[in-house]
Each structure stands twice: as structure tokens, then as C-alpha cells.
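Okay, so here's the structure we're looking at.
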Amino acid sequence: TSTHALKVDADAYGNDFRPYYYADGYWSNLFTVNNTDLEFTSTSNVELDGVFTIEFFVRVSTLAVDTQHPSVLTFPTNGSNITQVYINATNKYVALYYGSDLIKTDNDSITLNTWHHVVVARDSSSNIALWLNGSRVSSFYTGVSKAVTFGASSGDFNIGSYNGSGGEIDGYLSNVRIVKGYDVYGTTNTSITVPTAPLTAITGTGLLTCQSNRFIDNASSPHALTVGSGQSISTNTPFTQSKTANVGAGFFDGTDDYL
């Protein structure tokens, strides 16, 4: 094999990051508090008018209220209320919100710099369950809003922010999935197994994102994502994963670096 001798000019350097650092599914998206989120136009695939399962991994670096508490998912209004799955920055819990908190975890259950697995589901009897790190909140939500439609088939759907300029997540989201028509884990189960491998586009998947080396919805009918400023792809992952073989890249600062 013939090789060339490379001369490095200025401060170019090599590192081990590249687009194939991890296999697909083992990535996350880094969100900051600088007007950044993922946004798409909602469709009927994520308009939750019956049985559903919402699932994601979240790791927050800080928790603070700007105009709103940090919102992981903000559905467009159904004409009456906006639906959110959000983190209460004051009391450090995660909740499903529809005009008020319908169901929530205990205070101080969300800790900084730790991956948390969150699942919200509604069954065919309209019971709503919430699990954090595999453990279900003790009681179902069975109130007057249990059977409402969450979201709409049009309007702005935000990931990582309340509205793109407030209520922003400061941290990481990975494997965000919405499954319509299926109670994936079974709401009667008080404990579930936290996934140790990436989520896949099972039947009914309307959204599957924040898991690839690019900004993409991996659902079978994908949404076109609009990426906010300052957001980035990250190798910070909730799963144990080895790097793919022969990873590597060169870093150039855009000024006088070259080989």
C-alpha cells in the first residue's frame, strides 16, 4: 500500500468523532437555552385521540424557568388546551399537562446530569399511566380530561421547548417516540423494563427522533424537522455502546488549518 506523508499546518488536529461513531439509534440531541428546539407541522399520526404511548430519555444539565418550565414535548392546541410533557423546574418532577398537571412523578425525582427514562400511556379504558425509570406512578389519572384528544392534526409541534423561544430544555433528549393506537408497556404494570437498546419504529409509530447522527424522524411516515439555532447532535447516549471500528476525523477551524 502506498501512503502519503501529511504535513499539518496551523492547529488542525485529529479526534475520534465522525458520523459513524455510533450505530443508528445510539445518539442524542443536545438542546440549549438559546432559542433552540426541533419543530414540525403536526399530523394525525401524532394527534392522540385514543390509546397511545409517549416515550423518551432525558438528561438535563440545568433546570430553570424562563417564560415557562422546560418542555420536552409541546403538542399544538386541540382548540381548548395545549398538551405538554414537561419538567417542573421548581419541584423537579415530570408531568403530563393539559390545562393542569394530569399525572406527575414525585417532587425531586428528576436529577441533573442523569439519564431518565419516561413513558406516558393511555389504555383502551382511558386510564393514563406514567413511568419514570421503570417504576409507575402509583395511581392512574382517571379525571375529566382522561379521554380528551391530546394535540391536533395541524399546527406547530415542538420538541425540547414550549414554543421555540421559552420553556427550553437545557440538556439531552434521546429516542423520542410517540406510538398511536398501542399501549406498548401495559398500563396495569407497576414496573417495566427500561430499554437497553434503541427504540424502533414499531406498528403505530408516529414520531421517532433524537436518536441518529442527523436531525431526522425515523417513523415510517416521517415529519420534516425544522432545527433551531444552536442545537447539535451528540454521542451522549443512555445506552452502553462501543464505538464502531476505525472512527476518526480531522478538525479544521476555518481559518488557516489544512493538511
Side-chain angles (χ1 to χ4, degrees), residues 25-26 28-29 31 48 50-63 69-75 83-98 100-143 145-147 150 159-160 169-200 202 204-211 236-241:
Y26 288 89
S28 65
N29 286 10
F31 296 77
L48 304 180
V51 178
F52 69 82
T53 303
I54 298 169
E55 183 173 5
F56 57 86
F57 290 85
V58 60
R59 177 187 173 115
V60 289
S61 303
T62 63
L63 281 173
H69 291 275
S71 186
V72 176
L73 298 172
T74 306
F75 293 71
T83 301
Q84 293 174 263
V85 181
Y86 83 104
I87 299 173
N88 185 290
T90 304
N91 294 311
K92 300 179 178 62
Y93 63 75
V94 62
L96 173 66
Y97 180 92
Y98 179 81
S100 62
D101 292 342
L102 302 189
I103 191 168
K104 62 181 281 297
T105 60
D106 293 336
N107 289 355
D108 300 315
S109 57
I110 298 298
T111 54
L112 300 183
N113 302 309
T114 302
W115 280 108
H116 295 286
H117 178 241
V118 179
V119 179
V120 183
R122 180 165 60 191
D123 63 23
S124 58
S125 298
S126 297
N127 297 313
I128 298 175
L130 169 62
W131 294 263
L132 176 65
N133 300 328
S135 296
R136 198 192 71 192
V137 173
S138 58
S139 299
F140 293 130
Y141 173 76
T142 57
S145 297
K146 71 175 188 176
F150 296 126
I159 303 171
I169 292 289
D170 181 25
Y172 303 86
L173 293 176
S174 184
N175 284 260
V176 177
R177 185 174 71 179
I178 296 176
V179 179
K180 181 175 178 177
Y182 294 88
D183 171 18
V184 174
Y185 292 96
T187 59
T188 58
N189 291 318
T190 57
S191 63
I192 61 175
T193 300
V194 175
T196 57
L199 304 182
T200 59
I202 60 177
T205 299
L207 177 72
L208 179 58
T209 190
C210 300
Q211 62 165 193
N236 198 329
T237 176
F239 311 115
T240 301
Q241 169 68 356

When rounded to the nearest 0.5 angstrom, what is the spacing between CG in Leu199 and CG in Leu208?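 Answer rounded to 0.5 Å: 6.5 Å.
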Would you give the length of the straight line joining atom CG of Asn175 to atom CD of Gln211, rounded to the nearest 0.5 angstrom?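 Interatomic distance, Asn175 CG to Gln211 CD, rounded to 0.5 Å: 4.5 Å.
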Search all heavy atoms of [X] against all heavy atoms of [Y] and return the closest pair with its distance.
{"X": "Glu55", "Y": "Pro195", "value": "OE2-CG, 3.6 Å"}
{"X": "Tyr26", "Y": "Ala197", "value": "OH-CB, 4.3 Å"}
{"X": "Leu102", "Y": "Ser145", "value": "CD2-CB, 4.1 Å"}

Does either side chain, that of Ser109 or that of His116, offer a donor lying less than 3.5 Å from an acceptor on the other one?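 Not at all, the side chains of Ser109 and His116 share no donor-acceptor pair under 3.5 Å.
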Does either side chain, that of Tyr98 or that of Gln84, offer a donor lying less than 3.5 Å from an acceptor on the other one?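 Side chains of Tyr98 and Gln84: no pair found under 3.5 Å.
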Would the distance check show the side chain of [X] and the main-chain N or O of [Y] forming a donor-acceptor pair, the cut-off being under 3.5 Å?
{"X": "Ser71", "Y": "Leu73", "result": "yes"}
{"X": "Thr83", "Y": "Phe75", "result": "no"}
{"X": "Arg177", "Y": "Thr200", "result": "yes"}

Any non-hydrogen side-chain atom of [X] less than 4.5 Å from a side-chain atom of [Y]?
{"X": "Asn113", "Y": "Ser61", "value": "yes"}
{"X": "Thr196", "Y": "Thr240", "value": "no"}
{"X": "Val119", "Y": "Thr53", "value": "yes"}
{"X": "Leu173", "Y": "Val72", "value": "yes"}
{"X": "Leu48", "Y": "Ile54", "value": "yes"}
{"X": "Ile87", "Y": "Val60", "value": "yes"}
{"X": "Pro70", "Y": "Ile169", "value": "yes"}
{"X": "Ser174", "Y": "Asn29", "value": "no"}

Which pairs with one or both residues in residues 122-131 pass side-chain hydrogen bond (donor to acceptor under 3.5 Å, both in side chains), sequence neighbours excluded?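 Of all non-adjacent pairs touching residues 122-131, those that pass side-chain hydrogen bond (donor to acceptor under 3.5 Å, both in side chains) are Asp123-Asn127, Asp123-Thr187.
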So, do Tyr172 and Phe31 have ring centers that fall under 6.0 Å from each other?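 No: the rings miss the under 6.0 Å criterion.
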Would you please indicate yes or no on a ring centroid separation below 6.0 angstrom for Phe239 and Phe57?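 Ring-ring flag for Phe57/Phe239: true, centres closer than 6.0 Å.
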Option among Leu130, Leu96, Val176 that satisfies the side chain to side chain contact (heavy atoms under 4.5 Å, CB included) test with Val118: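 For Val118, the side chain to side chain contact (heavy atoms under 4.5 Å, CB included) check succeeds only for Leu130.
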Which is it for Asn88 and Tyr97 under the side chain to side chain donor-acceptor pair (under 3.5 Å) test, yes or no, and what are the steps along the way? CA-CA 11 Å; Asn88 185 290; Tyr97 180 92; over 6 Å; no
Going through the checks in order, is the side chain to side chain donor-acceptor pair (under 3.5 Å) test met by Asn133 and His117? CA-CA 5 Å; Asn133 300 328; His117 178 241; over 6 Å; no
Output, in order, the C-alpha distance, side-chain angles, deciding distance and verdict of side-chain contact (heavy atoms from CB on, under 4.5 Å) for Val137 and Leu132. CA-CA 8 Å; Val137 173; Leu132 176 65; over 6 Å; no
Check step by step if side-chain contact (heavy atoms from CB on, under 4.5 Å) holds for Ile192 and Arg136. CA-CA 8 Å; Ile192 61 175; Arg136 198 192 71 192; over 6 Å; no
Are Lys180 and Phe52 in a cation-pi contact, defined as NZ or CZ under 6.0 Å from the six-membered ring centre and within 45° of the axis?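 No, Lys180 and Phe52 do not form such a contact.
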Run the side chain to side chain donor-acceptor pair (under 3.5 Å) check on Tyr93 and Asn107 step by step: do they pass? CA-CA 5 Å; Tyr93 63 75; Asn107 289 355; 5.9 Å; no
Take Trp115 and Asn236, measure what side chain to side chain donor-acceptor pair (under 3.5 Å) needs, and give me the verdict at the end. CA-CA 10 Å; Trp115 280 108; Asn236 198 329; 3.1 Å; yes
